[in-house]
Amino acid sequence: MDSIDRRKTYIIVMDTETCPLDRDFEGVTPYNMFVYDIGWAVVDKKGNVYETKSYVNRNIFFEEKLLMDSSYYAEKLPQYYDDIRSGKRKVATWYNIRKDLVDTMKRYNTNIVCAHNARFDDGATKNTQRWLTKSKYRYFLPYGTVIWDTMRMANDVVVKTPTYKNFCFENGYVTKHKTPRPQVKAEVLYKYITGNNDFVESHTGLEDVLIEKEILAYCFKKHKKMTKELYA
């Protein structure tokens, strides 16, 4: 507690991995998703990391085996068991995961939670909260949380630049629209920022957080006008 510098602005960067409730549903919507893996890091605007957490949600991962078998990265399930055995990831109930997140926000005196494509993470955590509590509690993030989205930030700071556009078109990192556009995936942005074109995103909570906080820091480093808030 005493080591926390109260002059700093701390940000919780969060990422979730999910499995679908209805595997026949076409498209990806957070309101068809339950969170089985959640990670977060406490960072500052320069990307310095002060604390990390990596949780496997017991209520979904172990108690909803059929749902887990239909998760998008089901092939990673053996790795999760290895990580749990090694202590790399902690197993906890959704209630206790939320309790720890709220406590972390209080200790660092922050109400800012950031994610890449934050609408998905916000929606999936709400959906999980409502389903597990039978809608008794409807929100995962505490009241007053300000949600930042590194996708929105990168759209303002990175994606519009000629160098990023050239990078995406030269490497095929473009959308499937009739008129292709540069992708804004965290993996592609991280490749561009670091110059490591061989990088492959882990698609596990905490590991993805640690690339998303680099996107956050890069956007602040550019000192350009940008939209940070998801619901601004």
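Positions are given from 1, in the same order as the sequence printed here. Just so it is clear, the values below take in all heavy atoms, side chains as well, and ignore hydrogens, waters and symmetry mates.
Without hydrogens or angle criteria, Asp83 side chain to Arg89 main chain gives no donor-acceptor distance under 3.5 Å. Counting only distance, with no hydrogens or angles, the side chain of Thr29 and the backbone of Asn32 share no donor-acceptor pair below 3.5 Å. Listed for the Asn59 side chain is no donor-acceptor partner under 3.5 Å among the backbone atoms of Thr93. Proximity of a side-chain donor or acceptor of Thr110 to a complementary backbone N or O of Tyr10 within less than 3.5 Å is detected. Of the possible polar contacts, none joining the Asp37 side chain to the Glu17 backbone as a donor-acceptor pair under 3.5 Å is found. Distance alone, capped at 3.5 Å, places no donor-acceptor pair between the His116 side chain and the Asp15 backbone. Side-chain atoms of Asn48 do not come within 3.5 Å of backbone N or O of Val43 as any donor-acceptor pair. In this structure, the side chain of Thr125 does not engage the main chain of Phe140 through any donor-acceptor pair within 3.5 Å. No donor-acceptor pair closer than 3.5 Å links the side chain of Asp100 to the backbone N or O of Asn96.
Between Ile215 atom CD1 and Thr194 atom OG1 the span is 10.0 Å, to the nearest 0.5 Å. Taking CG of Asp121 as the reference point, atom CG of Leu230 lies at 10.0 Å (rounded to 0.5 Å). Note: Gln79 CD to Thr204 OG1 = 8.5 Å, rounded to the nearest 0.5 Å. Taking SG from Cys219 and CD1 from Ile193, the interatomic distance works out to 6.5 Å, rounded to the nearest 0.5 Å. The CD1 atom of Ile97 sits 11.0 Å away from atom NZ of Lys53, with the distance rounded to the nearest 0.5 Å. A distance of 9.0 Å separates CZ of Phe167 from CG of Leu189, quoted to the nearest 0.5 Å.
The environment of OH in Tyr137 is sparse: at most 12 heavy-atom neighbours from other residues, nucleotides or ligands sit within 6.0 Å. Residue Lys90 places its NZ atom among 12 or fewer non-hydrogen atoms of other residues, nucleotides or ligands, all under 6.0 Å distant. By the 6.0 Å contact criterion, NZ on Lys126 is enclosed, its count of non-hydrogen atoms from other residues, nucleotides or ligands being greater than 12. Counting heavy-atom neighbours within 6.0 Å of Tyr95 OH, excluding the residue itself, gives a total of 12 or less.
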Subject >> Criterion side chain to side chain donor-acceptor pair (under 3.5 Å) on Arg181 and Thr175, from CA distance to verdict >> reply: CA-CA 5 Å; Arg181 308 169 196 164; Thr175 65; 5.0 Å; no
Subject >> Steps toward side-chain contact (heavy atoms from CB on, under 4.5 Å) verdict (Glu187, Phe199) >> reply: CA-CA 7 Å; Glu187 179 180 272; Phe199 174 79; 4.1 Å; yes
Original post:
Yes or no on side chain to side chain donor-acceptor pair (under 3.5 Å) for Tyr192 and Asn171, after CA distance, side-chain angles and deciding distance?
Top reply: CA-CA 11 Å; Tyr192 172 76; Asn171 290 283; over 6 Å; no
Original post:
Taking it one step at a time, do Lys45 and Thr9 satisfy side-chain contact (heavy atoms from CB on, under 4.5 Å)?
Top reply: CA-CA 7 Å; Lys45 292 179 179 179; Thr9 297; 4.3 Å; yes
**OP:** Please report the C-alpha distance between Val28 and Met33 in whole Å, then the side-chain angles of each, then the deciding distance to 0.1 Å, and finally whether the side-chain contact (heavy atoms from CB on, under 4.5 Å) criterion is met.
**Re:** CA-CA 8 Å; Val28 179; Met33 297 296 171; 3.9 Å; yes
**OP:** Dump the intermediate steps for salt bridge (Lys or Arg N to Asp or Glu O under 4.0 Å) on Asp82 and Arg85, then the final yes or no.
**Re:** CA-CA 5 Å; Asp82 289 343; Arg85 281 191 291 268; 2.4 Å; yes
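For the residue pair Ile11 and Cys114, the shortest heavy atom distance occurs at CG2-CB, 3.8 Å. When all heavy atoms of Glu212 and Met14 are compared, the closest pair comes out as OE1-O, 3.7 Å. Scanning both residues, Glu207 and Lys88, for their nearest heavy atoms gives OE2-CE, 3.3 Å. Residues Ile60 and Leu132 approach most closely at CD1-CD2, 4.3 Å, considering heavy atoms. The two residues Thr161 and Val158 have their closest heavy-atom pair at OG1-O, 2.7 Å. When all heavy atoms of Tyr164 and Pro182 are compared, the closest pair comes out as CE2-CB, 3.9 Å.
At a threshold of 4.5 Å between non-hydrogen side-chain atoms, the residues Thr227 and Asp149 do not count as touching. The shortest side-chain heavy-atom distance between Met226 and Arg152 does not fall under the 4.5 Å cut-off. Side-chain contact between Val146 and Glu229: present, with at least one pair of heavy atoms (C-beta onward) separated by less than 4.5 Å. Asn109 has its side chain within reach of Arg6: a pair of non-hydrogen atoms, C-beta onward, lies under 4.5 Å apart. Trp94 has its side chain within reach of Val35: a pair of non-hydrogen atoms, C-beta onward, lies under 4.5 Å apart.
Salt bridge status for Glu214 with Lys221: absent, with no side-chain N to carboxylate O gap under 4.0 Å. Salt bridge absent: Asp103 and Lys106 never bring a charged side-chain N and a carboxylate O closer than 4.0 Å. Ion pairing of Arg107 with Glu51 is present here, as a side-chain N (NZ or NE/NH1/NH2) and a carboxylate O approach within less than 4.0 Å.
Between Tyr80 and Tyr36, the angle of the ring planes goes over 60°, which puts this pair in the perpendicular group of the 30/60° scheme. Ring pair Trp148/Phe220 is tilted by interplanar angle, where 30° to 60° counts as tilted.
Aromatic rings from Tyr81 and Phe61 are positioned such that their centres are separated by under 6.0 Å.
Side-chain contact, Thr16 with Thr18: no donor N or O sits under 3.5 Å from an acceptor N or O. Looking only at atom types and distance, the side chain of Tyr50 has a donor-acceptor partner in the side chain of Asp44 under 3.5 Å away.
Cluster membership check: Leu141 does not share its hydrophobic cluster with Ile112, using side-chain heavy-atom separations under 4.5 Å among Ile, Leu, Val, Met, Phe, Trp and Tyr. Under the 4.5 Å side-chain heavy-atom criterion for ILVMFWY residues, no single connected hydrophobic cluster contains both Met151 and Phe120.
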